[in-house]
Amino acid sequence: MSNAPKPAAAATTEGTLANIVSHAKEYGFVFQSSEIYDGLAAVYDYGPNGVELKNNLKQLWWKAMTQLHQNVVGIDAAIFMHPLTWKASGHVDGFSDPMIDNLDSKKRYRADVLLEDRAAEHEKNGELARAETLLAEMGRLLTSEDLAGVKQLIIDEKIVCPVSKTGNWTDVRQFNLMFSTQVGAVAEDSSQIYLRPETAQGIFVNFLNVQKSARQKVPFGIAQIGKAFRNEIVARQFIFRMREFEQMELQFFVRPGTEGEWYEHWKTMRRRWHEALGLPAAKLRFHDHDKLAHYAKAAVDIEYEFPFGFKEIEGIHSRGDFDLTQHQTLSKKKQQYFDADIDPATGKAYGNYVPFVVETSVGADRLFLATLCQAYQEETITEGEGEQQQTKTRTLLRLHPAVAPIKAAIFPLVKKDGMPEKATEIFNSLRHDFRVIMEERDAIGKRYTRQDLIGTPFCIVVDGQTLEDDTVTVRHRDSREQTRMPIAELRAYIGEAVSFSRIFEKLEG
RNA sequence: GCGGGAGUAGCUCAGCUGGUAGAGCGGCAGCCUUCCAAGCUGCAGGUCGCGGGUUCGAACCUCGUCUCCCGCUCCA
């Protein structure tokens, strides 16, 4: 330990988004999709280290849900769903609006709303017939998807922008939230279906299948991790807003009347989970929705302070019985649960009802980005003494060991005297339990640095002493300090540090 | 969508008034190395984002276009 670096007075700074994007690419975390073709806007690929980190985050969420709760079970529903699903959920009608922009004020409006407002004016002026004609014409044009006709109608009606007072409009464009495709091998027989814009509906339509097959009683939850697809109007901020993204959703089914307390419960639990993972409390906040979505009775976001400001990483919604009732109506299949528990108020069973739902939905990619932003640090360190003293910058990822892509790197101090062989032996003894790597190339300092850059928490070094007494040094990423320990203790030592248990313990506060 | 900035080797960047493309780091091979991006030798690596135009000649001027970043706007 005598040659270990002196503990450094370290000043750390966080990275800008540009630093982080660059780091993510350089070290194999995130690449732009189809980069060699100039990329595809708002689509990204995860590289070798990125996929490990993301998988670890997903595993951690999955186990925190299904392993820790006997009344939460998982599902993996298909991305393709019956088209009526999206009618029921409100996505078809609610998110295919004709949009128009005013070129002077740069304001964007829904074309149909502009026309409806004008019709209302006509009506107010006593021109009832004119109002009706206008609405009928608009309806005809929208149904036939004649967007140019809609624009012409706006011009004919001399509708001007309330802000700029001009009629300098762009063309009317359809905002399509959902991506559509065809199912059916033969073109003429194929029908249009959508890539799901959220994973929740796969859970709702399976509500009874799961409840029965998993022998669950309300309250219980269904967890799912899966891809979802949305045509974003403006996709920005790296992987924060992607067209293809991954959601980690829990839909928790409760007895009507108890949704309030469950909403509070999950609000608390989910925030605690993010903190246990290493997102500091000061950089997390709740943000209540003022305007609620069509399905929600209460909604709150958990926001993290990214380099570009506080942004949502998870949403918690009290969805009531909206979704199940909608599916019950459209599918004509009862979506009821028979509750045999006795209601103390009446002395009878609660009986049949459509359960209420409390949803927690985390963006896996947003969580990944938050984790990366939080972990990325540039540290100014001072080394040596007196005239030898020098200041340099160390860039590292302070990832929680449980989510780090590589748990430990094993280095022979030098490539001779049987050290590489000893290192290989250690590597082989650990690789069944942990993702570890062995590196014998380059100077030891360079190898340490490479591991700092990808967030590897431990570097195990085989040196001369190892050959005599089977002990190694374990160098810690965050402090750069070293501990000497017997090879035989490595497995338990690393296992303790990277265990999900350390995180789960903090959830039970 | 609007405004601003950027795009040259794997990365970070230099490249003057238009005249055959550069550095550091990294990579590869070898030597040497007992603890924090060490040293020596050698090698490889570029359609200067892409496409037009001007010019004897374009990384540089010009027009267009794509992508990314920042700010605004928008967004369940």
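We name chains A, B, ... by the order of the sequence lines, and we start the count at 1 in each one. Computed from a predicted model, the values in this text were never measured in an experiment.
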What is the separation between atom [atom1] on [X] and atom [atom2] on [N], rounded to the nearest whole Å?
X: A/Arg241; N: B/U73; atom1: CZ; atom2: P; value: 13 Å
X: A/Lys25; N: B/G10; atom1: NZ; atom2: C1'; value: 8 Å
X: A/Met178; N: B/A76; atom1: CE; atom2: C1'; value: 13 Å
X: A/Asn19; N: B/C68; atom1: CG; atom2: P; value: 18 Å

Is [X] touching bases, backbone alone, or none of the nucleic acid, heavy atoms closer than 4.0 Å?
X: A/Arg477; answer: nothing
X: A/Arg447; answer: nothing
X: A/Asp452; answer: nothing

Distance check, [atom1] atoms only: [N] and [M], in whole angstrom units.
N: B/G24; M: B/A9; atom1: C1'; result: 12 Å
N: B/U8; M: B/C50; atom1: C1'; result: 14 Å
N: B/U20; M: B/C66; atom1: P; result: 33 Å
N: B/G18; M: B/C56; atom1: C1'; result: 12 Å
N: B/A6; M: B/C60; atom1: P; result: 15 Å
N: B/G57; M: B/G15; atom1: P; result: 26 Å
N: B/G26; M: B/G10; atom1: P; result: 16 Å

Heavy atoms from C-beta onward define the side chain here; which of [options] lies closest to that of [X]?
X: A/Lys446; options: B/C68, B/A38, B/C36; result: B/A38
X: A/Thr473; options: B/U33, B/C35, B/A37; result: B/C35
X: A/Glu198; options: B/C35, B/A76, B/C11; result: B/A76
X: A/Leu413; options: B/C35, B/C36, B/C68; result: B/C35
X: A/Asp463; options: B/C28, B/C36, B/U34; result: B/U34
X: A/Glu26; options: B/C75, B/U34, B/G10; result: B/G10
X: A/Val414; options: B/U67, B/C36, B/U34; result: B/U34
X: A/Met419; options: B/U34, B/C36, B/A37; result: B/U34
X: A/Arg230; options: B/A76, B/A38, B/A37; result: B/A76

Partner nucleotide of [N] by Watson-Crick or wobble geometry (both distances under 3.5 Å):
N: B/G45; result: none
N: B/U33; result: none
N: B/C50; result: B/G64
N: B/G71; result: B/C2
N: B/C11; result: B/G24

Think [X] has a side-chain N or O under 4.0 angstrom from the OP1 or OP2 of [N]?
X: A/Arg441; N: B/C32; value: no
X: A/Gln482; N: B/C35; value: no
X: A/Arg450; N: B/G27; value: yes

Between A/Arg271 and A/Glu314, does at least one N-O distance fall below 4.0 Å, as a salt bridge requires?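 No, A/Arg271 and A/Glu314 are not salt-bridged.
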Does the structure place the NZ or CZ of A/Lys25 under 6.0 Å from the centre of the six-membered ring of A/Phe31, at an angle of no more than 45° from the ring's axis?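 Negative - A/Lys25 is either too far from the ring of A/Phe31 or too far off its axis.
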For residues A/Leu396 and A/Tyr376, determine if any side-chain heavy atom of one lies less than 4.5 Å from a side-chain heavy atom of the other.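 Of all side-chain heavy-atom pairs linking A/Tyr376 with A/Leu396, none is under 4.5 Å.
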Less than 3.5 Å apart, any donor N or O on the side chain of A/Gln201 or A/His327 sitting next to an acceptor on the other?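 Short answer, yes.
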Which sits closer to the 5' end of RNA chain B, A/Ile444 or A/Ser22, going by the nucleotide each is nearest to?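 Looking at the nearest nucleotide for each, A/Ser22 comes out on the 5' side.
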Out of A/Lys227, A/Arg196, A/Arg230, which one pairs with A/Glu244 under the salt bridge (charged side-chain N to carboxylate O under 4.0 Å, His left out) rule?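 Answer to the salt bridge (charged side-chain N to carboxylate O under 4.0 Å, His left out) test with A/Glu244 among A/Lys227, A/Arg196, A/Arg230: A/Lys227.
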Looking at A/Asp417, A/Asp470, A/Asp463, which hits salt bridge (charged side-chain N to carboxylate O under 4.0 Å, His left out) with A/Lys422?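 With A/Lys422 as partner, A/Asp417, A/Asp470, A/Asp463 yield a single salt bridge (charged side-chain N to carboxylate O under 4.0 Å, His left out), made by A/Asp470.
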What about the rings of A/Phe80 and A/Tyr194, do their centers lie closer together than 6.0 Å?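 No - the distance between ring centres of A/Phe80 and A/Tyr194 does not fall below the 6.0 Å cut-off.
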